[in-house]
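Take a look at the structure below.
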Amino acid sequence: MSDDWKRLAAEAALQEVRSGMKIGIGTGSTAEFFVRALGRAVAEGLQVIGVPTSERTAALARELAIPLSSLDEIPVLDLTVDGADEIDPHLRLIK
């Protein structure tokens, strides 16, 4: 998948985010586009708490000043954004 498609997917996912949400943040190239877009939205005033799935994602989120927590502290999330590892012929996503 090209970076343009990944960026568009990340921006579409960001449209589902509302202030006050607790968001699971995945890992990978598409998720990185989402984290960067989320960081811009947080800088513009969006208030969320992210729960990263990896230290790599956590480091990027911290760099972008996205508030973070953990599943131990927030066991129920409003939304999780992650990339698909594979898509089958019926357009079902496989993680």
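Applying the side chain to side chain donor-acceptor pair (under 3.5 Å) definition to pairs two or more places apart or across chains, none involves residues 8-24.
Across all non-hydrogen atoms, the minimal contact from D78 to G20 is OD2-O, 4.1 Å. A65 approaches V42 most closely through the heavy-atom pair O-CG1, 3.6 Å. When all heavy atoms of R36 and L64 are compared, the closest pair comes out as CA-CD1, 3.7 Å. Shortest non-hydrogen contact noted between T80 and L77 is OG1-CD1, 3.7 Å. Looking at every heavy atom in both residues, T30 comes nearest to A9 through CG2-CB, 4.4 Å. Residues S54 and T27 approach most closely at OG-OG1, 2.7 Å, considering heavy atoms.
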Passes salt bridge (Lys or Arg N to Asp or Glu O under 4.0 Å), K6 versus E32? Steps please.
CA-CA 9 Å; K6 291 177 182 186; E32 184 173 332; over 6 Å; no
Begin with the C-alpha distance, continue with both residues' side-chain angles, and end with the deciding distance and a verdict on side-chain contact (heavy atoms from CB on, under 4.5 Å) for F34 and T57.
CA-CA 10 Å; F34 175 76; T57 297; over 6 Å; no
Let's go through E86 and R92 carefully: what are the C-alpha distance in whole Å and the side-chain angles of both, what is the deciding distance for salt bridge (Lys or Arg N to Asp or Glu O under 4.0 Å) to 0.1 Å, and is it a yes or a no?
CA-CA 8 Å; E86 191 174 334; R92 293 179 293 210; over 6 Å; no
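Between I25 atom CD1 and T53 atom OG1 the span is 8.5 Å, to the nearest 0.5 Å. How far CZ of R7 is from CZ of F33: 4.5 Å, rounded to the nearest 0.5 Å.
No chain of hydrophobic side-chain contacts below 4.5 Å, direct or via other Ile, Leu, Val, Met, Phe, Trp or Tyr residues, connects L38 to I74.
The residue from I23, D72, L71 that alone fulfils the side-chain contact (heavy atoms from CB on, under 4.5 Å) condition with V51 is L71. Paired with I66 under the rule side-chain contact (heavy atoms from CB on, under 4.5 Å), one option of L46, V35, I49 passes, and it is V35.
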